[in-house]
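The chains referred to below are lettered A, B, ... by the order of the sequence lines, with proteins before strands, and numbering in each begins at 1.
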There are 2 protein chains.
Amino acid sequence: MTPQLLALLKSNPLFQNLNDHALEQVAQAAHRLRKQDGEFFFFQGDPAARVHFVIQGKVKLAQTTGDGQQVLMEYIGPGRVFSIIAMLPKARYPVSSQAVGESEVLYWPREAIVSLNEQYPTLSANMMQLMATQIGEFQNRIRELSTQRVERRIARVLMRLARQTGQRLPDGVLIDLAISRQDLAEMTGTTLFTVSRTLKRWETNGLIESRREHVIIRQPHSLVKIAEESED
Amino acid sequence: MTPQLLALLKSNPLFQNLNDHALEQVAQAAHRLRKQDGEFFFFQGDPAARVHFVIQGKVKLAQTTGDGQQVLMEYIGPGRVFSIIAMLPKARYPVSSQAVGESEVLYWPREAIVSLNEQYPTLSANMMQLMATQIGEFQNRIRELSTQRVERRIARVLMRLARQTGQRLPDGVLIDLAISRQDLAEMTGTTLFTVSRTLKRWETNGLIESRREHVIIRQPHSLVKIAEESED
DNA sequence: TGGCGTCTTTGCGCTGGCGCAAAAAAGGGG
DNA sequence: CCCCTTTTTTGCGCCAGCGCAAAGACGCCA
């Protein structure tokens, strides 16, 4: 385990306030795993057995409905944890996780995490904190889906992505993630057609610029307005 | 603390597998609180300081959007816990909680719960389990809001309510909860008009029977069909 | 450089669901 | 039993967003 990796671990909320000894043990117990673009770490419905931590690349968490539609829950980038649910006995993964680009993770088998948890209450407190945050985010998303129109939801998702993976350009913010209209549709609960039309309109008005699978936000301010109010 | 109350506690997943001594201590630390119909236990945005447990009546958890719209998250009945988030330092309640009918709860101040948590790892494991369940339910709800049409969502909500508070009748299941069209709209992310029209249609077809603020499910089977497939 | 697969746009038609206003129905209290 | 409040229904108009099909643009790889 390299020092950089340790630092990455340390910077994650999940491992906050752990002393060096504890962190050492956490690192000891970790396994490393690399996947090619498009490969899956696990599938929705599998018995949940591992807690994951992204080192490199991106991981896409999506839920598939009975009739094959997808709902894209989240993109997880380096330094972030996913599938904490595997801490719990007898749980199943509620989503599938797919590598976006070549990606690498650390993971801990449940037994390891559980025993670390018993040794270090701090760890378990952190974990609860994370789950609580997650709950809060989902509640917000439910509220948005229930009360906001599509345009607003798309604006919000773009802003969130910009925050998470945004790269400042001289003239705007580039969302540094190959993201198709289809993906955006799955994140906002609409169709790729509507996303396409909406982005086109924004592009015409100079709010954004979009290439195939990429978006650059030119006027963040205007986007914020759309996200918050109803009209401009 | 009466024996019934202890039994109620004991039956809750949150207190599962606690030995009698632990349960005793949990009970010791609890406070009792009674509210009249419509009164609030706390408001969205308040610093989260108490974990609650419903003894009697019902509690309605709802989130209010900036522009005054409501999203109804959940009804909590006797024997269920809410606002676990108050375990965590510096959290705020993400919803408001309102008594529906005269209601009574037990509650524990954060310090009490935290210290119990440290003494009894079982408690903290249970708590995580609960949070995980919650997360799973929210994910489902997000998926439903994203991919299903209104009619199906209403059917699902009715079924859930029937499961949670359903009362078997000779000829159907009564949802034992005063629930207005407005409430159903807030639970399904639609409007009271659409709910009204949908229920009316179902009533005409004999699927349900509805009085003011009450619904009786006459043909659960047909409702399930609507909830699962697209058409009958 | 050309061909190919994927992603995106666009035209067209359609309808589910919204919003409002007003009437009707259902309770509840005095 | 009547009045007042709240909830529910209903008619009407409307449009955001969906779905499909087909064309177009892009990027990659050989």
Side-chain angles (χ1 to χ4, degrees), chain A residues 36-38 60 65 67-72 100-101 144-155 157-158 175 177-205 208-216 226 230-232, chain B residues 36-38 60 65 67-72 100-102 144-155 157-158 175 177-205 208-216 226 230-231:
Chain A
Q36 299 305 312
D37 181 44
K60 173 174 158 179
T65 70
D67 56 341
Q69 289 183 77
Q70 276 215 342
V71 180
L72 211 167
V100 177
E144 289 175 12
L145 282 170
S146 301
T147 64
Q148 299 175 1
R149 17 212 62 211
V150 168
E151 187 183 50
R152 211 162 152 187
R153 305 204 302 260
I154 297 175
V157 164
L158 282 187
I175 292 176
L177 177 62
I179 190 160
S180 68
R181 304 287 181 266
Q182 178 67 38
D183 289 333
L184 285 172
E186 288 172 8
M187 301 181 85
T188 50
T190 178
T191 64
L192 80 162
F193 306 107
T194 299
V195 171
S196 173
R197 285 184 258 258
T198 305
L199 292 192
K200 202 70 215 294
R201 193 166 59 247
W202 287 344
E203 185 155 26
T204 306
N205 297 340
I208 65 168
E209 195 179 319
S210 73
R211 312 195 199 313
R212 162 189 264 230
E213 302 207 292
H214 284 278
V215 176
I216 299 174
I226 293 176
S230 52
E231 297 295 307
D232 188 289
Chain B
Q36 298 306 312
D37 181 45
K60 173 174 158 179
T65 70
D67 56 340
Q69 289 183 79
Q70 277 215 342
V71 179
L72 209 166
V100 177
E102 189 173 356
E144 289 175 11
L145 283 171
S146 300
T147 64
Q148 300 176 0
R149 18 212 61 209
V150 168
E151 186 183 48
R152 213 163 151 187
R153 305 205 301 262
I154 298 175
V157 165
L158 282 188
I175 292 177
L177 177 61
I179 190 160
S180 68
R181 304 289 181 265
Q182 177 67 37
D183 290 331
L184 284 172
E186 288 172 9
M187 301 181 85
T188 50
T190 179
T191 64
L192 81 163
F193 307 106
T194 299
V195 171
S196 173
R197 283 185 260 259
T198 304
L199 292 193
K200 203 69 214 294
R201 193 166 59 248
W202 287 343
E203 185 155 28
T204 307
N205 297 340
I208 64 166
E209 195 180 318
S210 74
R211 314 195 199 314
R212 161 188 265 230
E213 302 207 290
H214 283 278
V215 176
I216 299 174
I226 292 176
S230 52
E231 297 296 304

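For the residue pair B/R181 / B/S210, a side-chain donor-acceptor distance below 3.5 Å is found, with atom types taken as modelled.
What separates CD of A/E213 from P of D/dG27 is a distance of 10 Å, to the nearest Å. Rounding to whole angstrom units, CG of residue B/L192 and C1' of C/dA25 are separated by 15 Å. Remark: C1' of C/dG28 and NE2 of B/H214 are 14 Å apart, rounded to the nearest angstrom. For B/Q182 and C/dC20, the CD to P distance is 13 Å, given to the nearest whole Å. Between the P atom of C/dG16 and the CD atom of B/Q148 lies a distance of 17 Å, rounded to the nearest Å. For the pair B/R153 CZ and C/dG17 P, the interatomic distance rounds to 8 Å; values are reported in whole Å. Look at CZ on A/F193: it is 17 Å from P on C/dT15, rounded to the nearest Å. Atom pair B/E151:CD and C/dC18:C1' shows a separation of 17 Å (rounding to whole Å applied).
The minimum heavy-atom distance between A/T188 and A/L145, with the atom names listed, is O-CD2, 3.7 Å. Minimum interatomic distance between A/I175 and A/H214 (heavy atoms only, all atoms of both residues): O-ND1, 3.8 Å.
Base contact: A/R197 has a heavy atom under 4.0 Å from a base atom. Heavy atoms of A/T191 sit under 4.0 angstrom from primed sugar atoms or phosphate atoms, though from no base atom. Contact annotation for A/R211: no contact, since no heavy-atom pair falls under 4.0 Å across all strands.
The 5' end of DNA chain C is approached more closely, in terms of each residue's nearest nucleotide, by A/S210 than by the other of B/G189 and A/S210. Mapping A/R212 and A/V150 onto DNA chain D via the closest heavy atom, the residue that lands nearer the 5' end is A/V150.
At the phosphate of D/dT8, neither OP1 nor OP2 sits under 4.0 Å from any side-chain N or O atom of B/K200. Between A/S196 and the phosphate of C/dT10, there is no side-chain N or O to OP1/OP2 separation shorter than 4.0 Å. Regarding contacts with the backbone of C/dT8, a side-chain N or O of A/R181 is found under 4.0 angstrom from either OP1 or OP2.
Here the CD1-OG1 distance, from A/I226 to A/T198, works out to 9.5 Å after rounding to the nearest 0.5 Å.
With hydrogens and angles ignored, the 3.5 Å screen pairs no side-chain donor or acceptor of A/R153 with any backbone N or O of A/E144.
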